[in-house]
Structure formats: C-alpha cells, structure tokens
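Working notes for the structure below.
Residues: numbered from 1 along the sequence shown.
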Amino acid sequence: MIRWLAVILLLLGAGCQAPPPEGVRMGLATLPTTLDPRYSTDAVSARLCRLLYQGLTEFDARSRPRPAMAVWEQLAPDRYRFRLLPTRTPFPDGRLPAATDVQATYASILDPATASPQRGTLAHIRAIRVLDPETLEFELSRADPLFPGYLTIGILPAQRLAAGQDFNRAPWGSGPFRFEARPDDNRLDLRRRSDQLRFSFLLVPDPTVRVLKLRRGEIDLLQNDLPPEMIDYLAARPELAVQRAAGTTFAYLGFQLDDPLTGDERLRRAVAHAIDRAAIVRYLFAGNARLAESILPPEHWAGAPDLPTHDYEPARSLALLGALGYGPDRPLELEYKTSSDPFRLRVAAALQAQLAAVGIRLRIRSFDWGSFFGDIKAGRFQLYSLAWVGVESPDIYRYAFHSAALPPAGANRGRYRSAAADALIAAGEAASEAAGQVAALQSLQHRIHADLVYVPLWYEGHVAASGPRIRGYRLNRRGDYDGLIDVRLAVAP
C-alpha cells in the first residue's frame, strides 16, 4: 500500500514547484464555518477561535475549570464574582479587555435575536453586574456549581459589538493570534502576536493532495483527516516528523428521533448491534482510536466507566429487524449523510457493508462540509455521523440532550426529548457537592445510553505531520491547534 501511494504521489508531483515559503502554512481538510466564538460549533472553527480569542476560564488536564483571563469566587450557590487578571492579553489595539466587554459578550449571547447556539447553556444567567473595570458578578436563576466551566467563550470588545461588527469577517479578540486576511474561500491568514509571524491556513480537501503538498514543501504542517496508509507513508519519510496522540474526540452515529423509522428504538438497537466497531478501528484507523460508550471518556472526573457495551451481535440485529418486518429478504432502506471527506466516505462504506449483512440498505449521501453541517443542524437526516471534539465540561449534556436545546437553541440535533434526562441534567446542575454532581451525571449517561440516542463509536486519536521547517509543534489530547503558539521555524543553513 505504501509503495502504491508513493507512486501516486510521485506522478502527481512531477513538474510541481513549491512557492517561496512565507511564514507557516498549515493544510486543512476544511476551513472554519465561522470565526465568531458566539457561533462556533464545528471543530475547526472552535480550534481557530481558541487562537483568536481568550475566555474567562479554560480547562486543566483533568477537565476541571481553571483561570484563563480571570479568577473567581462563589459568593452563593447562585452568584459568582470574577476578577480580571492583570496578565490578560490586550485586544489588537492595545486595550485590555474590561468587565464591560465581558458583560457585553454574554449579553449578546443571551439575546434571542443573536441566535447563538451557546444561549441554551447560559440561559440561567439572570443578571451580569459590572462592579469596576476589572470586576463583575454573575447572578443565576438557580444554583450551578459547574458554572465557571461554561465561561470559556472568547470575549469580544463591547464597542465593536455595539457597532454591529461582523466578527466572522473581522475577528477581534485577545488571543495569541490576530486576524490578518481571508483572501479567498481557500485561505485564512493569521499573525502570531508575540513575533508577528504569519500563519496561513489553506483549504486542501483531498488527503492525497495534502500529503503531496507537505512532501513538496508547499505546506509545512497538517493534522488529522488522513487514512492510515498515508500516515504510515509520511512516517517512513526521514525529512518529516509524525506525531500521534490519544484523543478524546467522540465519534457517534446520530439518529433523527422524529423520523418514523429511526425514531423506533428497536431499529436503532438493530443498527447498533450490526456495526463491528472493533473491526473499523482495527482496519480503517489502524488502531489509532479506542471504542467509546459516552461523550465523556471514562477517565473524565464525571465519566461513567461502567456503561454496558454495544457489542457486535448480527444475530440480535436480524431478530430485531425481523420483528419489525425487515430482513435480508425484505431489506430496509435508510439514508445516511456524511461529509465529502474521502476518509469519512470510507468509514461510511464500511458501515454500509456491515448493515447490508443484516438487511439494511444504507444510501450514502455526501456533501461539502457547509451543506452537510447545515442539514444536520436543520434536522434533515435519518442517520449521520459526526464527532464532538475535545469536550471538557458536562454542560454538554444540557446543550446536546435537553428537550429545550433543539437547534438553534442548542445542539440537540436528533430531537431527543426525555423528561427523565431533563430531570437528571437539572439534578447535576443543582448538586452542591461534587459527589452529587458525579452521581447525577453518571445516571444521565446511563439514561442516554439506554435510550440509544446515538450509537457511540470511538474516541479518535490525533496525528500531525510537519516538514523540515517546523520545530516544536506539539499535539495534545484535545487535538486543538495550541501547539502553534510555541512552534518555531528552523533557521535556514
């Protein structure tokens, strides 16, 4: 396979000349759908917003909130005071973010007219009071011991918000990078504020072309969205550096629960037991993934390590489908939506073959990322596959599973409605002690798992490959681009 790939790359690269290098160039399978942190829900948008903006808090290695721009104290179960740190990074014009900027950012998110998908998680903010330029208080409509972990959203300047600035086209934050230009739909340029080094993010959807461009020196760095044989090929090149890291990116097969077919739990269970997840991890991911049962991995402080597994049991699938009147002699046709990324299409083909063995004909429909994600948010699907990237806070459960979190109010894309789940979400948020939070959250994970809202697939690992100009790039378990903050360019000989 590696020899075959080498021949393809050699033929494609014949006669190509790399352009003169300028700064760091990173090849991406997709560019961000937005650079406004109030709207970022896809992985690339969230990763780039982390570079452009800074929030009040961030997460440590154990997924506990820690100060980023501010420290806090809990004055009462429903009241928090935040004090901005003097070490916070200024906006590009040199002005330090103030408490009024924090207030304006969260007021904008809470405004229904803004239609921010973050609003549902933060809807229990009753009031935001500015006490002085560096201090403000949040008053909540209910007790919430998890509240500091919700405040990772990038802070926007109040004056520019009031002026109606389009932060997608003209980002303006206090992160380690600043926006420079978006010359066309295939390129985004940022500047690292510490040394003014340019970083260009280039759209290269095809993984073979991305690998070719790295080999030819047309890009310096790529991360993820590569099939295993290409990773092995890159690892065999002595001039390239390849890193792998275990990840927490949770991939799942989602269902439309309002659909008369996929809304039937028996059918969802038949699908779950027809999928050989271990085989896909072994052969398509080459082991660079681990089986999953919940969004939060078992090592997370609120994880549920005792969830039962959805085992590969095709005989059970056949029995469930037979009770519904379907089977190999009377197959059931379902529509599955995915992106046009070649590797995701390979995963889709594997799922299609496994489901066909029990009498489910999976009709695959692939789209460019924007069209695909738009359909999923609008509920135009029966089945689809996506991934939650780097989830740290348990507030994901309100955002993704509460009955009131249907898009655009949240990310309950499958239209799951459960009074029992809603009650457990509320119980976890109201618990005053850590033990009570953990108990409610683990019970909630068991409830969602039992209802089979989605088929949990795997936690995907991360891989990055860099050319000889790059020094010091580091992957982390979230798979974000924070390694660009410290990366260096090799000094030319």
Side-chain angles (χ1 to χ4, degrees), residues 36-41 46 49-50 52-59 65-91 95-165 167 171-175 392-396 398-399 402 404-405 408-410 425-426 428-430 432:
D36 187 329
R38 296 171 296 172
Y39 299 99
S40 64
T41 55
C49 280
R50 279 180 59 86
L52 289 165
Y53 304 90
Q54 188 176 31
L56 293 181
T57 63
E58 59 184 3
F59 291 98
R66 68 181 181 188
M69 187 188 291
V71 293
W72 68 88
E73 58 179 320
Q74 186 174 7
L75 304 176
D78 59 353
R79 192 156 60 99
Y80 287 82
R81 178 176 293 170
F82 285 79
R83 184 173 295 277
L84 300 179
L85 293 167
T87 54
R88 64 194 184 278
T89 307
F91 288 123
R95 185 178 69 83
L96 287 175
T100 50
D101 299 309
V102 178
Q103 181 190 50
T105 297
Y106 282 96
S108 173
I109 292 169
L110 293 170
D111 183 352
T114 304
S116 168
Q118 316 288 352
R119 179 173 176 260
T121 300
L122 299 166
H124 62 312
I125 297 177
R126 175 182 288 159
I128 307 173
R129 301 185 184 91
V130 173
L131 305 182
D132 61 48
E134 296 185 340
T135 312
L136 73 161
E137 288 183 3
F138 289 84
E139 180 184 333
L140 310 179
S141 61
R142 56 175 170 78
D144 187 353
L146 301 176
F147 182 69
Y150 303 170
L151 304 185
T152 60
I153 301 168
I155 300 303
L156 305 171
Q159 288 185 339
R160 291 173 182 266
L161 273 169
Q165 177 162 321
F167 290 95
W172 193 270
S174 62
E392 305 275 6
S393 174
D395 71 303
I396 185 67
R398 174 172 286 276
Y399 180 58
H402 197 278
I425 291 170
E429 293 169 341
S432 58

Review point. Between CD of Gln118 and CG of Leu110, what distance do you get to the nearest 0.5 Å?
Key: 11.0 Å

Revision key, fill the gap. In terms of heavy-atom contacts, Ile109 and Arg119 come closest through O-CB, 3.4 Å

Point to revise | Heavy-atom pair with the smallest gap, counting every atom of Thr152 and Tyr106 | key: N-OH, 4.2 Å

Check your understanding: Can you name the closest pair of heavy atoms from Phe59 and Ser393 and give their distance?
Key -> CZ-CB, 3.5 Å

Point to revise | Under the side chain to side chain contact (heavy atoms under 4.5 Å, CB included) test, residues paired with Arg50 that sit two or more places apart | key: Arg478, Asp480, Asp482

Exercise for review: Indicate yes or no: does Glu139 engage Arg79 in a salt bridge with an N to O separation below 4.0 Å.
Suggested key: no

Practice item. Would you please test His124 and Asp144 for side-chain contact (heavy atoms from CB on, under 4.5 Å) and show each step? Key: CA-CA 9 Å; His124 62 312; Asp144 187 353; 2.8 Å; yes

Practice item. Quick one: pull up CD1 in Ile125 and CG in Leu151 and give me the separation to the nearest 0.5 Å. Key: 6.5 Å

Review point. If you round to the nearest 0.5 Å, how far is CD of Gln54 from CZ of Phe91?
Key: 10.0 Å

Review point. Do the ring centers of Tyr80 and Phe147 come within less than 6.0 Å of each other?
Key: yes

Review point. Salt-bridged, Arg95 to Asp101, with N to O below 4.0 Å?
Key: yes

Review point. So, the side chain of Thr57 versus the backbone of Arg66: is there a donor-acceptor pair under 3.5 Å, distance only?
Key: no

**Study point:** Distance (rounded to the nearest 0.5 Å) between Leu52 CG and Ser40 OG
**Key:** 10.5 Å

Exercise for review: Start with the C-alpha gap between Tyr53 and Thr105, add the side-chain angles, then the distance that decides, and say whether side-chain contact (heavy atoms from CB on, under 4.5 Å) holds.
Suggested key: CA-CA 12 Å; Tyr53 304 90; Thr105 297; over 6 Å; no

Check your understanding: Are Ser108 and Asp111 linked by a side-chain donor-acceptor pair shorter than 3.5 Å?
Key -> no

Point to revise | Salt-bridge present (Glu137, Arg83; N to O < 4.0 Å) | key: no

**Study point:** Minimum heavy-atom distance between Pro37 and Gly154, given as atom pair plus value
**Key:** CG-O, 3.7 Å

**Study point:** Nearest atoms (heavy-atom pairs only) where Pro394 meets Leu146
**Key:** CB-CD1, 4.2 Å

Practice item. Determine, step by step, whether Phe138 and Leu122 satisfy the side-chain contact (heavy atoms from CB on, under 4.5 Å) criterion, reporting the C-alpha distance in whole Å, the side-chain angles of both residues, the deciding distance to 0.1 Å, and the verdict. Key: CA-CA 11 Å; Phe138 289 84; Leu122 299 166; over 6 Å; no

**Study point:** Tyr39 side chain to Thr114 backbone, donor-acceptor under 3.5 Å
**Key:** yes

Exercise for review: Measure the shortest side-chain to side-chain distance between Val130 and Val102 over non-hydrogen atoms and say whether it is less than 4.5 angstrom.
Suggested key: no

Review point. How many angstroms lie between atom CZ of Arg81 and atom CG of Leu75, to the nearest 0.5 angstrom?
Key: 5.0 Å

Review point. Under the side chain to side chain contact (heavy atoms under 4.5 Å, CB included) test, which residues partner Arg160, sequence neighbours left out?
Key: Pro157, Gln165, Phe167, Trp172

Practice item. List the atom of Pro117, the atom of Thr41, and the distance in Å for their closest heavy-atom pair. Key: CG-CG2, 3.7 Å

**Study point:** Gln159 atom CD, neighbour heavy-atom count above 12 within 6.0 Å
**Key:** no

Check your understanding: side-chain contact (heavy atoms from CB on, under 4.5 Å) between Leu84 and Met69: does it pass, once the steps are laid out?
Key -> CA-CA 6 Å; Leu84 300 179; Met69 187 188 291; 4.1 Å; yes

Review point. When rounded to the nearest 0.5 angstrom, what is the spacing between CG in Leu136 and CG in Leu56?
Key: 7.0 Å

